[in-house]
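A short write-up of the structure that comes next.
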2 protein chains.
Amino acid sequence: MDEKSISKAVIRRLPRYYRYLGELLEEGVERISSNELSSKMHVTASQIRQDLNNFGGFGQQGYGYNVPYLYAEIGKILGLDRTHHIIIIGAGNLGQALANYVKFEKRGFKVVGIFDINPVLKGISIRGNEIRMMDELPEFLRENDVQIATLTLPKAYAEETANLLVENGIKAIWNFAHLDLAVPEDVIVENVHLSESLMRLSYNLNRYNTEHKKE
Amino acid sequence: MDEKSISKAVIRRLPRYYRYLGELLEEGVERISSNELSSKMHVTASQIRQDLNNFGGFGQQGYGYNVPYLYAEIGKILGLDRTHHIIIIGAGNLGQALANYVKFEKRGFKVVGIFDINPVLKGISIRGNEIRMMDELPEFLRENDVQIATLTLPKAYAEETANLLVENGIKAIWNFAHLDLAVPEDVIVENVHLSESLMRLSYNLNRYNTEHKKE
DNA sequence: TAGATTGTTAATCGATTAACAATC
DNA sequence: TAGATTGTTAATCGATTAACAATC
């Protein structure tokens, strides 16, 4: 059955709500109205109420939202109430940086394997994970429960590696390679295209300069 | 004067057009119609024509778009026709990974300085840049032409560092710290929130599983 | 009960798609 | 000239904002 599906725009905002609620929680704030949250986050109160109501009535008239409750609920929606096992394919600078990033594990994203094709890297340990060679991957996936594969490898290898992952049952790819992966429709790809981010920054910088020159 | 401003949605797509055109260029393709590009990129031809027409009439009726020309024009729009000097604040794993990433330089983004507060890192050289201590930053910015500052440091230091950068004339921040920076309106911030990206992936994974369980 | 604030419907705004006249 | 394809206007669709009745 199709639930009425939730727009990407809403999903994009969800982690940001989660972050602000987490901060409020740390400050010991018990309750917050859509209006207060609105002025903190610089979005409209209306949008906050609409967004949250996609998932259920988390608030209470005359009271607002209970911070610990709403925080936990959004966490559940985002799937942060359970542990995800991640492997990293490509143990270059970026792959190693991600493997070293401690915060992910606090959110339930645990790196359980790191792979590369470069024999020089074989056996090097990063936070308890020894870098493995790619030929060990299929067996590893058979023997371990892995939900997410991270691609931090050169563009040229990305497509074939994605295929290999899909063949071995991976359903979610966190893709840092700068290309659009062609995968079956039941496989989820989340792209992080750093160079595109940098280009947008450059565009805005450029635009700003141009506009102000003209005045 | 306000030019009729271009929507963020269009800007988000621009680097992707640039990438596809770059690939066509490498393949030696001379011309392409919005229709052909549309089926390659999985967007509507109408959207392509609308998007490009925000910036000018780059095509020709009956012919389509000239690939080398359009590629160069989009490059100009994105500001890729000139060199941007970047500094990196925070020489941890991620900062070093970015400093090592060779591709950025090919697009005109040149790292000219790397800074940290950890004395252990002082003097370590990354692709020709020695890591400097933060107290050298103001002088460095006075003596060098820097357009973009990258923040790859713990959240706790991000706000004060952003202020320091702004005080010293920086107008564009590429922010990897997981918070919303409060900066004057003439300062551009481009956020890369990796943990939010991971949460979106987790949401979609979760959603997929749930939907299919119900059937 | 009165006041506050949600949940939700209706109105507005903006972005995408369709259609087609202009023109190479 | 005829055919192709853009540039652009109009129609549609979806997302955001406003308004307010429901209700705690």
Side-chain angles (χ1 to χ4, degrees), chain A residues 2-17 20-21 24 29-74 77 200 203-204 207, chain B residues 2-17 20-21 24 29-74 77 200 203-204 207:
Chain A
D2 263 338
E3 312 257 317
K4 80 167 178 293
S5 94
I6 285 143
S7 85
K8 278 193 186 172
V10 174
I11 308 310
R12 241 200 318 277
R13 288 191 289 267
L14 228 40
R16 190 157 176 268
Y17 291 133
Y20 275 85
L21 287 161
L24 288 165
V29 177
E30 185 67 19
R31 70 181 195 87
I32 193 157
S33 69
S34 57
N35 231 296
E36 291 169 280
L37 192 56
S38 145
S39 58
K40 265 191 187 299
M41 293 184 65
H42 304 288
V43 297
T44 65
S46 204
Q47 181 164 75
I48 293 173
R49 294 203 298 276
Q50 286 275 26
D51 282 355
L52 296 179
N53 260 80
N54 281 296
F55 302 98
F58 299 130
Q60 196 162 85
Q61 284 96 332
Y63 172 85
Y65 298 89
N66 179 279
V67 172
Y69 174 69
L70 185 56
Y71 178 76
E73 286 301 312
I74 297 179
I77 293 164
R200 283 191 290 271
Y203 169 84
N204 286 309
R207 184 189 53 124
Chain B
D2 263 338
E3 312 257 316
K4 79 165 178 294
S5 94
I6 284 144
S7 85
K8 278 194 185 171
V10 174
I11 307 310
R12 240 199 319 277
R13 289 190 290 265
L14 228 39
R16 190 157 176 269
Y17 291 133
Y20 275 85
L21 286 161
L24 288 166
V29 177
E30 185 67 19
R31 70 184 195 85
I32 193 157
S33 69
S34 57
N35 231 297
E36 290 170 279
L37 192 56
S38 144
S39 57
K40 265 191 187 297
M41 294 185 64
H42 304 288
V43 297
T44 66
S46 205
Q47 181 165 76
I48 293 173
R49 294 204 298 276
Q50 287 274 26
D51 282 355
L52 296 179
N53 260 79
N54 281 296
F55 303 98
F58 299 130
Q60 196 163 86
Q61 284 96 331
Y63 172 85
Y65 298 89
N66 179 278
V67 172
Y69 173 70
L70 185 56
Y71 179 75
E73 287 300 312
I74 297 179
I77 292 163
R200 283 190 290 271
Y203 169 83
N204 285 310
R207 185 189 52 123

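These figures come from a predicted structure and were not determined experimentally. A, B, ... follow the sequence lines: proteins, then strands. Residue 1 opens every chain.
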Query - Any residue of residues 35-46 of chain B with a heavy atom less than 4.0 Å from an atom of DNA chain D - result: none
Query - Whole angstrom value for the distance that separates P of dT6(D) from OH of Y69(B) - result: 15 Å
**Report entry** F55(B) side chain reached by I6(B) side chain, heavy atoms, under 4.5 Å
**Finding:** yes
Query raised in the report: Counting only side-chain N and O atoms of S34(B), is one of them less than 4.0 Å from OP1 or OP2 of dT6(D)?
Result: yes
Query raised in the report: Roughly, in whole Å, what's the span from CG in N54(B) to P in dG7(D)?
Result: 12 Å
Query raised in the report: Atom CD1 of I48(B) and atom OH of Y20(B): how far apart are they, to the nearest 0.5 Å?
Result: 10.5 Å
Report summary line: Output row for DNA chain C, stems defined as at least 3 consecutive Watson-Crick or G-U pairs under 3.5 Å, is C:3-24 with D:3-24
Do any side-chain atoms of residues 38-47 of chain B form donor-acceptor pairs under 3.5 angstrom with protein atoms, and if so which ones, sequence neighbours left out?
{"residue": "S38(B)", "atom": "OG", "partner": "V43(B)", "partner atom": "O", "Å": "2.9"}
{"residue": "S39(B)", "atom": "OG", "partner": "E36(B)", "partner atom": "O", "Å": "3.0"}
{"residue": "T44(B)", "atom": "OG1", "partner": "Q47(B)", "partner atom": "N", "Å": "3.1"}

Requested in this report: Tell me whether the OP1 or OP2 atom of dT16(C) has a side-chain N or O from R13(B) closer than 4.0 Å.
Outcome: yes
Query raised in the report: Within this structure, what is the CZ-to-C1' distance between R49(B) and dA21(C), rounded to whole angstrom?
Result: 13 Å
Report summary line: By side chain to side chain donor-acceptor pair (under 3.5 Å), E30(A) pairs with (sequence neighbours left out) N66(A)
Query raised in the report: Among dT16(C), dT6(C), dT8(D), which is the nearest nucleotide to the side chain of N53(B)?
Result: dT8(D)
Query raised in the report: Taking atom CD of Q50(B) and atom CG of N53(B), what is their separation to the nearest 0.5 Å?
Result: 7.5 Å
Query raised in the report: Starting at CZ of F58(B) and ending at P of dG7(D), how long is that distance when rounded to a whole Å?
Result: 9 Å
**Report entry** Point-to-point distance, once rounded to the nearest 0.5 Å, from CG of L14(B) to OH of Y203(A)
**Finding:** 7.5 Å
Query - Euclidean distance, atom CD1 of residue I6(A) to atom C1' of dA15(D) [Å, nearest integer] - result: 14 Å
Query raised in the report: For the pair made of CG in N66(B) and P in dT6(D), what is the distance, rounded to whole Å?
Result: 13 Å
Collect all protein-nucleotide pairs involving nucleotides 10-14 of chain D in which both atoms are nitrogen or oxygen and the distance is under 3.5 Å.
none

**Report entry** N54(A) side chain to D51(A) backbone, donor-acceptor under 3.5 Å
**Finding:** yes
Query raised in the report: Could you give the distance from CZ (R49(B)) to OG (S33(B)), rounded to the nearest 0.5 Å?
Result: 9.0 Å
Query raised in the report: Where do V67(B) and V29(B) come nearest, in terms of heavy atoms and distance?
Result: CB-O, 3.4 Å
Report task. Mind calculating the distance between CD1 (I48(B)) and P (dT16(C)) to the nearest angstrom? Result -> 13 Å
Query raised in the report: What nucleotide, of dT5(C), dT16(D), dA19(C), holds the atom closest to the side chain of Q47(A)?
Result: dT16(D)
Query raised in the report: Roughly how far, to the nearest 0.5 Å, is OH of Y65(B) from CG of L37(B)?
Result: 9.0 Å
Pairs under 3.5 Å (N/O, protein and nucleotides 22-24 of chain D):
{"residue": "dC24(D)", "atom": "O3'", "partner": "Q60(A)", "partner atom": "OE1", "Å": "3.2"}
{"residue": "dC24(D)", "atom": "O2", "partner": "Q61(A)", "partner atom": "O", "Å": "3.3"}

Query - Euclidean distance, Y69(B) OH relative to I74(B) CD1, rounded to 0.5 Å - result: 11.0 Å
Query raised in the report: To the nearest Å, how far apart are L70(B) CG and dG7(D) C1'?
Result: 14 Å
Query raised in the report: Are any of the side-chain heavy atoms of Y63(B) and R31(B) separated by less than 4.5 Å?
Result: yes
